[in-house]
Amino acid sequence: MKRFLYQIFCGFAFFILIPVVFTLLIQGNGRNSIEDIPLFSSTEEAGDSLDEDFLRGILANEISMDTEPEAMKAQAVIARTNCLRAIENGETLPEGLTKGEMIRMWGQENFSEYYSLLENSIEATKGVFMVYNGTYIQADFHKSSAGYTRDAGEVYGTDEFPYLKSADSRMDLTSEDFLKVIFYTPQELIEKGGELFNEDTRAAAAEKTAADILSQMVVTKRDQAGYVMEITIDGQAHSGEEVRLQFGWNSSNFFLKEIDGEVRVTMKGLGHGLGLSLYGANQLAKDGFSYKDILKYFYDGIEFVTQYD
C-alpha cells in the first residue's frame with residue numbers, strides 16, 4: 001500500500017514540476033536565459049552567405065514596431081543589404097537584439113505579435129537586396145531628416161556613394177524629432193564643449209558672455225540640405241558631426257543665437273541625414289508607396305537583386 005501511495009505521489013509531483021522546469025529553461029536565472037542567446041553574433045566575421053534568421057534581431061534594433069508594413073519591409077531590405085556588404089568586406093554585422101532584449105523592450109504580452117511582424121517583413125522580402133552597378137550599396141539611414149536628406153558627395157568629398165543623393169523629405173517636418181531647441185549659459189556651453197575650446201577659453205568660462213562665445217563659434221560651411229559642414233571654434237576648424245557628437249545634439253543641422261544672455265541652439269532632424277529617413281519612409285508607406293518605391297525614392301539609381309532566384 002505504501003509503495004502504491006509513493007508511486008502516486010511521485011507521479012503527481014512530476015506533473016506539477018513539468019511547467020516549473022519548462023519556465024526555468026525559458027526564462028533562465030536572469031543571466032543565462034535562452035532568450036538572451038543572440039540570434040547572431042554581432043562580432044562574427046564574414047561568411048559565405050547570410051542566414052535570414054539573423055535579420056530579425058537587426059531589424060528589431062533598427063525600427064519601431066508601429067512602423068507601416070511597407071516601410072518595415074524596406075528596412076528589412078536595408079538590413080539584408082548592409083549585412084551582405086559587411087560579409088563581402090570581411091566586416092562585423094550590424095548590431096542586433098536578442099529575444100530576451102526584445103521581450104524586455106516590448107513586454108512579454110507584445111512579444112509574439114511584434115516578432116511575427118519582423119518575420120513577415122523578412123519573409124515578404126526574402127533574399128532581396130540593393131546594388132549599384134552590381135555592387136552592394138552602403139544603405140545609410142537615419143531617424144528624421146531636416147527636410148532634405150544629404151548628398152554623400154558633399155559630406156565625404158568623394159563620388160564613392162553616388163546613390164546617396166539629396167532627396168526631398170519635407171514629410172519629416174511633422175515628425176516630433178524634426179525640431180529641438182536647447183539653451184545654454186556661456187559657461188555650460190564651454191564646459192560641455194570641452195576641448196573643442198582652447199585652454200584660455202575654458203579657464204575664463206565663468207567670465208564669458210553669450211556674445212563672446214558666438215564670436216568664437218562661427219559656421220563657415222553648410223551643405224545644400226542645411227547641415228553644418230565646417231565650424232571654427234577658437235580659430236580651429238571642426239566638422240559639424242564632430243561638434244554635434246561632442247554636445248550630444250540631434251543633428252549637425254544646427255543654428256546658434258544669443259537670447260537673453262544665453263546661447264540658443266536650434267537643431268533640425270535626428271541623425272546624420274544620409275540615405276533613408278525612417279520617418280519619411282513611414283509617411284511614404286502611408287501614402288501607398290511599396291517598399292521598393294520607398295527605397296528607390298531615397299537611394300538614387302539602385303537595382304534590386306534576389307539572392308535566391
Side-chain angles (χ1 to χ4, degrees), residues 64 66 140-157 164 166-283 298:
S64 169
D66 60 0
D140 286 337
F141 62 93
H142 56 282
K143 187 74 177 291
S144 173
S145 79
Y148 289 84
T149 64
R150 306 179 72 181
D151 188 310
E154 285 188 283
V155 175
Y156 298 124
L164 294 177
S166 180
D168 186 340
S169 193
R170 281 176 287 183
M171 50 276 198
D172 289 331
L173 271 62
T174 58
S175 167
E176 63 181 16
D177 297 312
F178 174 72
L179 192 67
K180 184 174 181 179
V181 178
I182 300 177
F183 286 87
Y184 296 92
T185 66
Q187 185 171 355
E188 288 172 342
L189 190 69
I190 293 169
E191 291 174 352
K192 188 75 172 177
E195 293 189 1
L196 290 175
F197 295 95
N198 65 33
E199 187 176 346
D200 290 341
T201 297
R202 297 198 304 271
E207 289 78 44
K208 292 289 185 179
T209 67
D212 292 335
I213 296 301
L214 292 181
S215 70
Q216 295 169 235
M217 299 181 70
V218 181
V219 173
T220 54
K221 185 179 180 181
R222 292 182 183 272
D223 64 15
Q224 62 180 314
Y227 292 78
V228 174
M229 293 285 293
E230 183 179 274
I231 177 172
T232 60
I233 301 177
D234 282 341
Q236 295 295 314
H238 302 273
S239 72
E241 281 297 299
E242 179 188 358
V243 172
R244 81 107 169 175
L245 291 173
Q246 173 66 33
F247 283 104
W249 293 342
N250 278 7
S251 85
S252 58
N253 190 316
F254 57 80
F255 300 84
L256 309 173
K257 187 174 182 178
E258 178 186 359
I259 301 289
D260 296 330
E262 294 188 319
V263 177
R264 184 188 71 186
V265 183
T266 303
M267 294 152 277
K268 294 182 180 180
L270 179 56
H272 51 58
L274 287 162
L276 177 139
S277 160
L278 292 173
Y279 185 87
N282 202 51
Q283 295 304 108
F298 287 105

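We number each residue from 1, following the sequence as shown. These values consider heavy atoms only, across backbone and side chains, with no hydrogens, waters or symmetry-generated copies.
With values rounded to the nearest 0.5 angstrom, Phe298 atom CZ is found 9.0 Å from Leu278 atom CG. Atom CG of Leu179 is separated from atom NZ of Lys268 by 7.5 Å, given to the nearest 0.5 angstrom. Taken from CG in Leu245 to NE2 in His238, the straight-line distance is 13.5 Å, to the nearest 0.5 Å. Here the CD atom belonging to Glu242 is positioned 11.5 Å from the OG atom belonging to Ser252, to the nearest 0.5 angstrom. Here Arg222 contributes atom CZ and Phe254 contributes atom CZ; the two are 7.0 Å apart, rounded to the nearest 0.5 Å. To the nearest 0.5 Å, atoms CG (Asp234) and CD (Gln236) are separated by 8.5 Å.
Remark: Gln224 CD is packed, more than 12 non-hydrogen atoms of other residues, nucleotides or ligands lying under 6.0 Å away.
Donor-acceptor pairing under 3.5 Å is recorded for the side chains of Ser64 and Asp66. Side-chain atoms of Thr201 and Asn198 form a donor-acceptor pair, as typed in the model, at a separation below 3.5 Å.
At least one donor-acceptor pair closer than 3.5 Å links the side chain of Arg150 to the backbone N or O of His272. Not a single donor-acceptor pair under 3.5 Å links the side chain of Arg264 to the backbone N or O of Val181. When atom types are taken as modelled, the side chain of Ser144 and the backbone of Leu270 share no donor-acceptor pair closer than 3.5 angstrom. Listed for the His142 side chain is a donor-acceptor partner under 3.5 Å among the backbone atoms of Leu276. Although no hydrogens or angles enter the test, the distance criterion places a donor-acceptor pair under 3.5 Å between the side chain of Arg244 and the main chain of Asn250. With hydrogens and angles disregarded, no donor-acceptor distance shorter than 3.5 Å links the side chain of Gln187 to the backbone of Lys208. In this structure a side-chain-to-backbone donor-acceptor pair under 3.5 Å is missing from Asp172 to Tyr279. Checked by atom type and distance alone, the side chain of Ser169 never pairs as donor or acceptor with a backbone atom of Gly147 at under 3.5 Å.
Paired with Met217 under the rule side chain to side chain contact (heavy atoms under 4.5 Å, CB included), one option of Asp212, Val263, Leu196, Ile233 passes, and it is Ile233.
Considering only heavy atoms from C-beta on, Thr185 stays 4.5 Å or farther from Phe183 through its side chain. The closest side-chain heavy-atom distance from Leu274 to Val155 is below 4.5 Å. Counting heavy atoms from C-beta on, the side chains of Asp168 and Tyr148 come closer than 4.5 Å.
Minimum interatomic distance between Thr209 and Pro186 (heavy atoms only, all atoms of both residues): C-CG, 3.6 Å. In this structure, Gly271 and Tyr227 approach most closely via the heavy-atom pair O-CE2, 4.3 Å. Considering every non-hydrogen atom in both Gly275 and Leu164, the closest pair reads CA-CD2, 3.8 Å.
Using cut-offs of 30° and 60° on the angle between ring planes, the pair Tyr184 and Trp249 is tilted.
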